[in-house]
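For reference, the structure discussed in these notes is given below.
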Number of protein chains: 4
Amino acid sequence: MIRVAIIGASGYTGAEAIRIILRHSGAKLTYLTALPEECGAVADVFPQFKGRCGLEIEPLDMEEIGGLADVVLCCLPHKVSMGFVPKLLEVGLKVIDFSADYRLKDASVYETFYQEHTDKANLAIAAYGLPELFREQIVGADLVANPGCFPTGAVLAIAPLLKEGLIRTDSIIVNAVTGSSGAGKNPSEKFHFPNMNENLFAYGIGVHRHMPEMEQVAGEVAGSNVQILFQPHVGSFDRGILSTVYSQPTQDISNERLLKLYNDFYKAEQFVQMRTGAPAVKDIVGTNYCHVFVANVKGRIVAFSAIDNITKGASGQAIQNMNILFGLDEAEGLT
Amino acid sequence: MIRVAIIGASGYTGAEAIRIILRHSGAKLTYLTALPEECGAVADVFPQFKGRCGLEIEPLDMEEIGGLADVVLCCLPHKVSMGFVPKLLEVGLKVIDFSADYRLKDASVYETFYQEHTDKANLAIAAYGLPELFREQIVGADLVANPGCFPTGAVLAIAPLLKEGLIRTDSIIVNAVTGSSGAGKNPSEKFHFPNMNENLFAYGIGVHRHMPEMEQVAGEVAGSNVQILFQPHVGSFDRGILSTVYSQPTQDISNERLLKLYNDFYKAEQFVQMRTGAPAVKDIVGTNYCHVFVANVKGRIVAFSAIDNITKGASGQAIQNMNILFGLDEAEGLT
Amino acid sequence: MIRVAIIGASGYTGAEAIRIILRHSGAKLTYLTALPEECGAVADVFPQFKGRCGLEIEPLDMEEIGGLADVVLCCLPHKVSMGFVPKLLEVGLKVIDFSADYRLKDASVYETFYQEHTDKANLAIAAYGLPELFREQIVGADLVANPGCFPTGAVLAIAPLLKEGLIRTDSIIVNAVTGSSGAGKNPSEKFHFPNMNENLFAYGIGVHRHMPEMEQVAGEVAGSNVQILFQPHVGSFDRGILSTVYSQPTQDISNERLLKLYNDFYKAEQFVQMRTGAPAVKDIVGTNYCHVFVANVKGRIVAFSAIDNITKGASGQAIQNMNILFGLDEAEGLT
Amino acid sequence: MIRVAIIGASGYTGAEAIRIILRHSGAKLTYLTALPEECGAVADVFPQFKGRCGLEIEPLDMEEIGGLADVVLCCLPHKVSMGFVPKLLEVGLKVIDFSADYRLKDASVYETFYQEHTDKANLAIAAYGLPELFREQIVGADLVANPGCFPTGAVLAIAPLLKEGLIRTDSIIVNAVTGSSGAGKNPSEKFHFPNMNENLFAYGIGVHRHMPEMEQVAGEVAGSNVQILFQPHVGSFDRGILSTVYSQPTQDISNERLLKLYNDFYKAEQFVQMRTGAPAVKDIVGTNYCHVFVANVKGRIVAFSAIDNITKGASGQAIQNMNILFGLDEAEGLT
């Protein structure tokens, strides 16, 4: 049994990781930590686990953690995470990091959007944990940068096109709508129920931290620079991201060819499923699946993907990465 | 034109009062106030009023208000309100108070649930502003205590039974479900969208401040002491209260007689409408109407009412009271 | 591996049963049937199963089913089910029936609410499948009548009180609110999204088919006749039932004693969890758990329970029963 | 008082038109019609009007209607409407038609998306009723083609850019999300609450009937051919459309210049309000307002608009048109 620790277990991604590992046949939770004020019995912090999990969430003890776990899911916020990851690696733990701290391979891009990067050594060795596109880099890694939810959805929607060089890389538009859980657990005016309910609006207009990550990942798939205009929105539903991606083909391409391309590209991927029409958020909620569709519309290509932002967009993908790291069935705990 | 001031205009009841008065043919807004940090153009505080209202919400100036308005809608919280009302009355304003401070005629009951009552003189002269039951007391009043949303819904559901002495007054049960706007505008963990959405739960188990108000009002209608067990719940919708009221008849009573009783009792009341089946929250959202139904079920009586907690349960009823105070058509601005 | 067939697999309870069995380590789906017009690949009928289930839903072949399965989950409608169950039993299958056809031990009560009962022989041998209360009757049964969702929630909320004779049995009131999935999969005006959304209303006023079932089950627990006034409502959420049950104690009883009573009564029951305050629907959605709380309010007892109407209220409970029938861990597939 | 008839009054746009006219000081409802099976008292067809409207919805009598009204709001479906409009015009009524039948000036485009056009004579004289862009054509018209909801939102979002020739007209992308009321009143699987709730998906992939209307209107504003790629989505909320429109500027253009351009363009328009950030659907629900914002993002222009699909996208705009036709204050009944 792989022993799993979760640092920052008191948020939504922590809860989802707990839920998945509780039914994982090859892994068990051994150590859960959070800020002192958010500690307590798992069943008190998350009442949905009453009777299902007897563990405590405790303040982090860096002395102890090395002996308690084989792998750490590090659910700390951006900028905080890189203060802990080096020490976790030092004591011999595998680390799957949920923050943006190890996702951007070019530290200077990170520094534009966040702050000075204080752990460039490990940045250099981090694998980007999107298994469908970079599986071979994940196997054997000590540190996995778990992808952002928006990049996961957007890039899976167009990876076959990027790979084959079938679309112009200077004019991709990603229009995405996320459910409100993407905002995290802290109450705010915007996400106060009487404001958010029956509502829908764009945010992050102009710049969004997920944009450079999206461009980096898309660029790696394409083998060239990619420019993406990314516009996120938030809607009055809990979970899920629907990405609608617009691009210009570099050649005439029929719907039949598009679908064959996608079906071939993803045929070995359990967690990416081709739909025969528009994917719906509700079909993937609570799962690690990404549903995809693509069509040529008036000479442009419109690609769609739907993922659960907390599962395939965060904790589910982290467990998928963990399964790869430890040589388990990649889908264990996730189906 | 009646000049209307709103104190505490930055919350949900303030917004609803503004919305109603903007289409009122006999009244106009002249002065809006809030705590300094919540001031600003109405169209900034409430973007739904962009292009519809050019007023500013300003810090309250007690020196000025007497000359600026004929009537004040006082939307301050419980316990705060009674610090302002005496001064507003002194400068000659009519006051419609939204808090609980002037609703409980017995100050000692108030003091059990809130704190020491500091304005007993005006408590003695306040009219309880539920027009369908106490219209004659409102006419000519200087101070109107605008009823709580739960008492409004619950008592309208059973007033005909209470009036005719047809139910036992020691065993009434009020089960109510309110929309989330009842919680007010301040973000909290409970009302954070990802928590409140797709949720439903009881609260205030054991004691609820609306209970004594309900018992007082029901008692006045019945002409005797009334005991009510009141259990509120909150559901994942914005606006509305559905009250389901269970009682024991003192005699055998048929559905036909029940419906005739209710139809007669409310036939002159524009804002109480009898339904022929279960009232639905959605039919009354955004209106000042109360929809009612009643049935004899297995020898007990089950009565239902639906109101909008912010309109008939607060600001709409306040304007209805204002119309009465100033001799206008009671429905002006409300249909 | 237990081989499981589902008859009537194309509805919501069918989908939930499929979901649970897919992760069950001791059972596998072998035969899924539906009306011809609702047949097709599981992944087409329920897109959420794309990549997760390769089975087909086929028209029922009674000749074949005996050889294909060990147990049948019979998800047919009331009145239809009893036309199939005798034949399923004859070919040696264990049957867990989701309809009301085998729940009411007194056929004449059934006939009042439904129609003539055509399989009284098997009615006599059916076990009522609420494991927390009737586990010993389920072990060894050939036919299990899977309980209704409302009776499950309501009776679990007050079983400790009934068992100990602590409440009057002539005046119990069950106020319940269910999510919209309780209405099943067929579109209707009432459940059309623009009507149901942001709505809440009562239904089944006067009589409800779940009432006699509730009274029968409560009566068995109490060991005497029980009268229940049951009023269901439906709210604008997908899944869950919140039951608020009002009763009169037969003696003075403190909150401490109530909680001790409940904690003792349910301490061995994994799927019933005591809360320390109001249970919330969201905490049990998608799970087989029932969350319970109870309080003495002004001399009456108010008990609360929350269950998922499709899981503990239907398919989860059916799998729990299946686990009992086959001597497996009762929680297998359900945690 | 203008006498208003509504044909097809039993749907959502009919209800919204009734709601608006009930508070209109210069118009009154005189004749409401629907298919025989949808007739009845307004308060029965739409319980929200109990006590607010005493009219009946009756089967249409073409003999009578000429004498009963001055103007007809024709809320019939596409293809049906043009069978009635000529007769309504013949008897001297002004007609505001909600269908697509008189929107597409080129009958052959209509015939591609619908069927043979049987009233080309009146098609030639119909004014396109988007007052902010074509007010002068509406004044004096006998027949107004009330715009589609999607074209209204999309074109208002980019009209200033089109007018000034600031964007390329061959590569405009309109990504829009509508609330579920856009689907109309008839129940369907897609809009069954348990399916639509917590959901979001694209539809009309490839072709959408609103696309040619959008291109026509945008083309008139631009004074040249315009190509639009339009992708609609539907989300789990009742009312509102959020349009996110992507375009390529023909020259470098700063945010300051963009905002000045828009503010100038719309400064006289009461119903178009510029926001200083992303417009939110909730701010315009139930109103005739369109909230707009625009920004230069990485060298592209992203424009946003939010409207209520039933009000500014249908019935509110129709009343705005009616006010223009009869020389009333354009905002009467709408603020």
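A quick note: this is a predicted structure, and the numbers were derived from the prediction, not measured. Proteins get letters first, then strands, A, B, ... in listed order; numbering begins at 1 in each.
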Report yes if the side chains of [X] and [Y] come closer than 4.5 Å at any heavy-atom pair, otherwise no.
| X | Y | result |
| --- | --- | --- |
| A/V294 | A/I301 | yes |
| A/M211 | A/F150 | no |
| A/N288 | A/D308 | no |

Under a 4.5 Å heavy-atom cut-off, does chain A meet the side chain of [X], its backbone, both or neither?
| X | result |
| --- | --- |
| D/A280 | both |
| D/N195 | backbone |
| D/I284 | neither |
| D/L200 | both |

Measure up the D/Y114 and D/Y110 rings against each other and bin them: parallel (under 30°), tilted (30 to 60°), perpendicular (over 60°).
->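 Plane angle under 30°, so parallel.
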Which word best sums up how the rings of A/F293 and A/F304 line up, parallel for under 30°, tilted for 30 to 60°, or perpendicular for over 60°?
->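 The rings of A/F293 and A/F304 lie parallel, inter-plane angle below 30°.
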Looking at [options], which has the largest count of heavy-atom pairs under 4.5 Å with chain A?
| options | answer |
| --- | --- |
| D/G235, D/G277, D/P194 | D/P194 |
| D/D283, D/I173, D/V177 | D/I173 |
| D/F201, D/Y246, D/Y203, D/F237 | D/Y246 |
| D/V285, D/V297, D/V302 | D/V297 |

Quick check: does any side chain N or O of D/S315 sit under 3.5 Å from a backbone N or O of D/T13, one acting as donor and the other as acceptor?
->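 Yes, the answer is positive, given that a donor and an acceptor are paired below the 3.5 Å cut-off.
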Count the heavy-atom pairs under 4.5 Å between each of A/M196, A/H233, A/R239, A/Q227 and chain D, then report the option with the highest count.
->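 Between A/M196, A/H233, A/R239, A/Q227, the count favours A/H233.
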Does a salt bridge link A/E132 with A/K312, judged by any charged N lying under 4.0 Å from a carboxylate O?
->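 Answer for the salt bridge query: yes.
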